[in-house]
Each structure stands twice: as structure tokens, then as C-alpha cells.
Visitor: 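The following block contains the structure, expressed as C-alpha cells.
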Amino acid sequence: MNNTEISRIFEEVGDLLEIQGANSFRVRAYRMAARTIGDHPEQMADLFAANPRQLEEISGIGKDLAAKIKTILETSELPQLTELRLEVPAGVADMLRIDGMGPKKTAALWKELGILDLDMLKAACESGQVAGLKGFGEKTAKKILEGLAHVAESGMRHDLAEAKFLSDSIVDALQLVPGVHQVSAAGSVRRRKETIGDLDVLVTADDSTAAMDCLGTHPLVEKVLARGETKQRVRLRGGMEMDLRVVPAESYGAALQYFTGSKEHNIMTRRRAAEMGLKINEYGVFRGETSIAGRTEEEVYQAIGLPYIPPELREDRGEIQRAEKGTLPKLLELADMQGDLHMHTTATDGTASIREMIDAARQRGLKYIAITDHSKRVSMANGLDADRLRAHWKEIEVIRAEYTDIQVLRGIECDILEDATMDLPDDVLAEADWVIAVLHYGLKQPKDQIMARLMTAIRNPHVSVLGHLTGRYLGKRPRAPAAMDLKEVLKAAADHGVMIEINAHPSRLDIDDLGAAAARDLGIPIVISTDAHATTGFDVMQFGVFQARRAGLEARHVANAQEWTTFKSLLRSNR
DNA sequence: GCCGTTTTCGGCCCGACTGTTTTCAGTCG
């Protein structure tokens, strides 16, 4: 059982307990544990094998949950969940996914009307049964029917690029509204999470009406779901939902801090405030009735004795403790990026020539790049065999000689084949300036085989970096990461001087933030690459930088944030 | 179910909006 599977078990226990009306803090404990385990950089199985007591040392895991993890690891199941499933029919928990439905309503529909799944729910709404139930009414029944229509997409997360585009568009529109002063995206978009559930935008205004009217009539908005004095919720075209909050200027910082989250980070800041005899809400920091801070986020953090914490770090992953000790990182910036080391040309599946890619890179101020077309295994992209690759490199040599302000490396994105050999012979790889080793095929192979393949690449003396390591895909058709022992892979990479890529494409962002942090802790240089297939492909670098910031990386941790001469000394061929 | 520099018991973040109610419960973030 891996962490994801254990996490799902606790998540389901939480849902079922909640429907049963269990103590909400108990429910929260299961949900917190599910999240903690799902996010944990090390496998519970490994921790347990090393020392069973380690589980209890994880914050949010006590004696009871540690014992349950042990049971799951040993028997692949949890008797408590088996029992809960007998008590709560399988389709009932699905009702929780409907917007506006929580545990109380779900339990009422199940117990009072005998509704067991979403189909029965739909029928009961249409027949008027739901509207007649105590505590329900016409509007609730209608809202449930609407919610049912959106249930598939409501739980769906969208990639950061799409979410940021929508959020920026609305922010830009609100900025033009007379009487609106400050406008900012908040929520997980501001924290630069790799996928986004819904959007938050915050404004300060003399009067909320104009801002809300602007949003309500914006061409991207499909429907206004709720509107009050200070808060409006809308559904955008494409299915995402957005909250707009209007606050007074003196509360802007407190509101921005509050609505940026994460929820877990806010619980920690509020708890800290309470310990200091203060109270934080979205209007400010209060001692008794008196507001002592709130105009800026800096003020809010200062009031609880902390320096400003960048949004990307606000996940309750130790940032509060680091802030307290004054050891917060000075996060990488987009402007730090000096080079880009993963891109394609018309030689394989890119749309621009070598020269066009070099020119586009220069326009963006890059000082060095690597041209890394596909190797032959990727036949659908017209991947290069040894002969074509050597000819391609010759062409690069001729063209790069024309430029004095940018270094151009002759690279290759070489597949690690299903049988754990490299797609190109060693003597060819030896001639490259830069070799990215990647898994494209056979991602569903068993863990042992995936590990064998990765070890082949890591031990190969010519491999510079592992590209999009896990092969996961976050797009409309998500693809799970390949099975691997990440800790072991990173350790081997560290031992052999192989770098790790953060692929900046918004559907990849692979390796992820926690993985990048783990690599950094092992002293592995991180490379952030766009994997550009066109001249516009360079523009996704920002998303790679966001992911690096979430990992807490500084410029010194990122190989291609270094000056060319420094970067050159990091190249494996120089060792 | 977790947790502890006032605590091993008694807390656990906090406010807005909606709908169904006549003063509030449920849901959400």
C-alpha cells in the first residue's frame, strides 16, 4: 500500500464518519491525516519498516492512526472502513460531491427518503419528494438538480495555466472599474498550486455594487451563484467557480492573507494569534475589540511576530517555524533564469527551426540553451537515430558559431527504453553537450522495472539530467506517475552527479514541489526547463519557477539560474 | 482523533451567505 492508497482510505473513513454524524474534530483528524500522508515525501511503508515508532512522530498522526496505518500496511485493509461501508451504502457518500450538499443533508436524504445514489436523488428532486422534506424546500431541490448537472466537473481541478489566465482576465477587468482601488487574485492561484479547484479574487472598493456588477456581466461568467454585500460567487464558462470578496482598504492585508490560505496555514496563524491573546479574521488582527493590523499582509504577519511569508510557502509544511527562526528561503525569481535546457525543433516534433529557437531565446534574455530533440524510440515525433542526430548536431554547430551572446548546447532527449537500455549508444551520447534521460513508454511497468530503467540512466556517465521524472500528466486525461522509490532514485542521482528537472509545462510540473525539495536537500542541482516545442513555448518558464518557489528553492539551488560560466562547471562531462 | 512553555482533559479558526425558518442550521472556504 502506497501513501496515496492509505490517504484514500482515511479520506473515505472521514466522509463516512461525517455522514454518520461523528464528532467533527474526529472527522477532521482523518482528513488531516489523509492529506499529511498523501503529501508525505517518504512512504509510510518505508518509515514503518525502518522504525514503527516513526509514524507517531508525524504531526497529526497519533497512537490510534499509527496503529491503523500499521493494519493497512500489514493486511491491505482497514476493518473500520469495511464496517463503515456496511453501515453507509456505497452511493450515499457521492452526494457529498454535490455543491451545497454536506453531511447533514446527505444523511437526511438517505435516512428520511431512503436515497442511496445520485440517480435516486435526481428522481426524488424531480418528483417533489425532496422539496417536501423538513429542512428542505423548492429552492434546495432545484439547487441539487443543478448541482447534479455539474457534479462531474465540480470536483475537477484545472491546471494552473488555465486558472491563472481566467483569474488574470477578471482581475484586469476589475481594475478598470471606477471606485475599485486594489485588486488581487487570492486562493490557490496566488499560492501557485499546480492544479486549481476554484478561483478567489479580492478587491477594495468604496462600494461593492460596481465591482459585483462588473463580474456578474463579465463575458467569462456563465451564472451568478450567490451574491451578498461583500461576497459573490459565480460559475465561469468551462466550469470553474470564482469567489469575489469586497473588503474595506484597512482590511485589505488581512483579507488577502485570509483568502490566500491555505486553510491549514491559516489555522496555524490563527492558533498562534490566539496564543498571543490576539484574534485574526479577514478584517484584521484584533486585541479585544481593537484592530492592531490589517492594511497589509506584512502588518498581519508582523502582529504575530513573523516576517512576511511568500504565498507559495503557505501550506503548513514548516514555513511558520522557519519564519519564526528567520530561516525562510529567498525564493527563486523568474528574472533569475539564465538558460533553458530542454527544447525541440523541426528536426523532430517542434514547429520552429534551430535558428528561430535561438533567436526567441535571445529575445527573452536567455544566455544559454540546449537543443534537445527526441531520440528514435519516439517515432511518432520523428525521433532521431544516431546518424540523423549527428547531422543535426553539425547543423547546430554551424549556426551557433554565428552567435556571440548566447551559448547553444548540442543536446538530446534520450528515451530510457522498456528493457532498461538507452535509446542511443554510449559513443553517441558521449559526443553530446547535454543529455536528458526520460521515460516516455512503459510507464505502467512494475516498480522494479521502472527502477531498473532509472538506474540505467543514472549510472550512464553521459546522462546530465533526468527529465519529467515520474511521467505524470495533469491535463484533461490525467496520467498517474510511474511507480518508483523516489527517495532511492534521488539518492542515486545525488551519488552519480545527475541533475533533476522540473519540467515547466503546466500539465507536467514534474518533478513536483515536494520532490524538488527532497532533491535540493540531497544537494542535487535542479534544472527548470520549458520543453518548448515552439518559440512561444518558452513562456511556460514561469510555471516551472512557481513550482520551484513552492519547493522553497533559491536561485543557488537551480543550475540554470546560474551564470553560464558557473553552469558550465556543473556539467557532468567536466568531472 | 490529536495535542500540551497555563493543560493528559478539554479544547480544536472563523465569518458570509442561503434557505427555511420566525431565530437559525447547514455549507463553504
Side-chain angles (χ1 to χ4, degrees), chain A residues 10 13-14 17-19 21-36 55-69 80 95-109 130-144 146-147 154 186-191 196-202 208 212 224-234 241-247 251 254-255 257-286 304 316 324:
Chain A
F10 285 150
V13 169
L17 281 174
E18 190 174 38
I19 293 169
N23 178 303
S24 62
F25 297 108
R26 190 175 164 216
V27 172
R28 194 164 84 189
Y30 278 101
R31 298 234 165 99
M32 287 288 286
R35 170 179 174 269
T36 303
L55 296 180
E56 271 183 66
E57 283 163 28
I58 301 169
S59 173
I61 310 285
K63 231 182 173 54
D64 186 278
L65 288 174
K68 284 175 174 150
I69 295 170
Q80 180 194 16
M95 289 194 268
L96 290 175
R97 283 162 40 219
I98 299 166
D99 196 33
M101 290 278 294
K104 297 285 162 56
K105 284 184 180 160
T106 297
L109 291 171
V130 169
L133 190 63
K134 185 170 180 296
F136 290 74
E138 290 291 341
K139 287 198 175 174
T140 306
K142 187 159 171 266
K143 203 175 166 203
I144 291 174
E146 276 183 31
S154 71
S188 49
V189 168
R190 184 158 179 254
R191 299 203 312 281
I196 305 294
D198 55 14
L199 306 173
D200 289 276
V201 172
L202 185 69
S208 65
M212 290 194 181
V224 176
L225 299 172
R227 176 168 172 168
E229 281 294 303
T230 64
K231 177 178 162 181
Q232 181 179 26
R233 188 169 178 86
V234 300
E241 294 183 1
M242 170 181 273
D243 279 328
L244 171 68
R245 326 262 178 161
V246 185
V247 298
S251 298
Q257 196 279 330
Y258 180 66
F259 293 122
T260 295
S262 67
K263 190 176 161 189
E264 291 78 10
H265 175 86
N266 286 354
I267 288 173
M268 295 302 281
T269 53
R270 283 173 182 224
R271 188 176 294 167
R272 183 180 173 87
E275 282 163 9
M276 299 170 71
L278 303 171
K279 186 178 82 170
I280 302 182
N281 60 27
E282 55 262 57
Y283 298 108
V285 183
F286 295 86
I304 54 171
D316 186 24
E324 207 166 35

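Here is how names work: the chains are called A, B, and so on, in the same order as the sequence lines, proteins then strands, and each is numbered from 1. Since the structure is predicted, the reported quantities are computational estimates derived from the model, not experimental observations. Only heavy atoms go into these numbers, but all of them, side chains included; no hydrogens, no water, no symmetry mates.
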Visitor: By nearest atom, which of the nucleotides B:dG15, B:dG29, B:dC13 is closest to the A:Arg28 side chain?
Guide: B:dC13
Visitor: Would you say the base of B:dG29 and the side-chain of A:Tyr258 have a donor-acceptor pair closer than 3.5 Å?
Guide: yes
Visitor: Looking only at atom C1', what distance separates B:dT8 and B:dC3, rounded to whole Å?
Guide: 9 Å
Visitor: Nearest heavy atom decides the nucleotide; on that basis, is A:Asn281 or A:Leu225 closer to the 5' end of DNA chain B?
Guide: A:Asn281
Visitor: Mind checking A:Ser59 for me? I need base, sugar-phosphate or nothing, with any heavy atom below 4.0 Å counting as a touch.
Guide: sugar-phosphate
Visitor: Rounding to an integer number of angstrom, what distance separates B:dC13 and B:dT18 when you compare their P atoms?
Guide: 25 Å
Visitor: Provide the distance between the two P atoms, one in B:dT22 and one in B:dC17, to the nearest whole Å.
Guide: 22 Å
Visitor: Does B:dG1 have OP1 or OP2 under 4.0 Å away from a side-chain N or O of A:Arg26?
Guide: yes
Visitor: Would you say A:Lys68 reaches B:dG1's phosphate, i.e. side-chain N/O to OP1/OP2 under 4.0 Å?
Guide: yes
Visitor: Give the residues of residues 100-109 of chain A touching DNA chain B, defined as any heavy atom closer than 4.0 Å, sorted by residue number.
Guide: A:Gly100, A:Met101, A:Gly102, A:Pro103, A:Lys104, A:Lys105
Visitor: Scan every strand shown for a Watson-Crick or G-U wobble partner of B:dA16, both distances under 3.5 Å, and answer none if you come up empty.
Guide: B:dT27
Visitor: Check whether any side-chain N or O of A:Thr269 sits under 4.0 Å from OP1 or OP2 of B:dC13, and answer yes or no.
Guide: no
Visitor: Tell me which donor-acceptor pairs under 3.5 Å the side chains of residues 101-109 of chain A have, and how far apart each pair is, sequence neighbours excluded?
Guide:
{"from": "A:Thr106", "atom 1": "OG1", "to": "A:Gly102", "atom 2": "O", "distance (Å)": "2.8"}

Visitor: Within this structure, what is the CG-to-P distance between A:Asp64 and B:dC3, rounded to whole angstrom?
Guide: 11 Å
Visitor: Using the C1' atom on both, measure B:dG1 against B:dT6 and round to a whole Å.
Guide: 23 Å
Visitor: Any idea which of B:dG15, B:dG1, B:dG19 is nearest the A:Lys279 side chain?
Guide: B:dG15
Visitor: Is A:Ser188 reaching over with its side chain to a backbone N or O of A:Arg191, donor-acceptor style, under 3.5 angstrom?
Guide: no
Visitor: For A:Glu138, is the CD atom crowded, meaning more than 12 foreign heavy atoms sit under 6.0 Å from it?
Guide: no
Visitor: Give the nucleotide from the list B:dC13, B:dT18, B:dT20 with an atom nearest to the side chain of A:Ile267.
Guide: B:dC13
Visitor: Take the protein atom CZ of A:Phe259 and the nucleotide atom C1' of B:dC14, then report the distance between them rounded to whole Å.
Guide: 10 Å
Visitor: Would you give the length of the straight line joining atom CD of A:Gln257 to atom CD1 of A:Ile304, rounded to the nearest 0.5 angstrom?
Guide: 7.0 Å
Visitor: Would you indicate which nucleotide in B:dT18, B:dC28, B:dG1 comes nearest to any side-chain atom of A:Ala226?
Guide: B:dT18
Visitor: Take atom NZ of A:Lys63 and atom C1' of B:dG4, then tell me their distance rounded to the nearest Å.
Guide: 16 Å
Visitor: Determine the Euclidean distance between corresponding C1' atoms of B:dC12 and B:dT7; express it in Å to zero decimal places.
Guide: 13 Å
Visitor: Could you measure between the two C1' atoms, the one in B:dG11 and the one in B:dA16, and give it in whole Å?
Guide: 25 Å
Visitor: It should be established whether A:Arg245 places a side-chain nitrogen or oxygen under 4.0 Å from OP1 or OP2 of nucleotide B:dG29.
Guide: no
Visitor: Assign A:Asp198 to base, sugar-phosphate, or nothing according to its heavy-atom contacts below 4.0 angstrom with the strands shown.
Guide: sugar-phosphate
Visitor: May I have the distance from A:Asp99 (atom CG) to B:dG26 (atom P), rounded to whole angstrom?
Guide: 18 Å
Visitor: Between A:Asp99 and A:Gly147, is there a donor-acceptor pair closer than 3.5 Å when you use the side chain of the first and the backbone of the second?
Guide: no
Visitor: Is any side-chain heavy atom of A:Tyr258 less than 4.5 Å from a side-chain heavy atom of A:Asn281?
Guide: no
Visitor: Quick check: on DNA chain B, is the nucleotide nearest A:Asp243 upstream (toward 5') of the one nearest A:Leu278, or the reverse? Name the residue that is more 5'.
Guide: A:Leu278
Visitor: Look at the side chain of A:Thr230 and decide which nucleotide, out of B:dG29, B:dC17, B:dC13, has an atom nearest to it.
Guide: B:dC17
Visitor: Whole-Å distance between B:dC12 P and A:Met268 CE?
Guide: 15 Å
Visitor: Using 0.5 Å steps for rounding, measure from the CD atom of A:Glu56 to the CG atom of A:Asp64.
Guide: 10.0 Å
Visitor: Have a look at A:Lys139 and say if it touches a base, only the backbone sugar-phosphate, or nothing, with a 4.0 Å heavy-atom cut-off.
Guide: sugar-phosphate
Visitor: Round to the nearest Å and state the distance from A:Arg271 atom CZ to B:dG11 atom P.
Guide: 15 Å
Visitor: Decide, for B:dT22, between syn and anti: a glycosidic angle within 90° of 0 counts as syn, anything else as anti.
Guide: anti
Visitor: Among B:dC2, B:dG19, B:dG15, which nucleotide has an atom closest to any side-chain atom of A:Leu65?
Guide: B:dC2
Visitor: Measure the distance from CZ on A:Phe25 to C1' on B:dG10 and round it to the nearest whole Å.
Guide: 11 Å
Visitor: Roughly how far, to the nearest 0.5 Å, is OH of A:Tyr30 from CG of A:Leu65?
Guide: 5.5 Å
Visitor: Once rounded to the nearest 0.5 Å, what's the spacing between atom CZ of A:Arg271 and atom CG of A:Asn266?
Guide: 12.0 Å
Visitor: How many whole angstroms separate atom CG of A:Leu244 from atom C1' of B:dC28?
Guide: 16 Å
Visitor: Could you measure between the two C1' atoms, the one in B:dT20 and the one in B:dT27, and give it in whole Å?
Guide: 14 Å
Visitor: Quick one: is B:dC13 close enough that its OP1 or OP2 comes under 4.0 Å of any side-chain N or O from A:Asn266?
Guide: no
Visitor: Is any side-chain N of the basic residue among A:Glu18 and A:Arg31 closer than 4.0 Å to the acidic one's carboxylate O?
Guide: yes
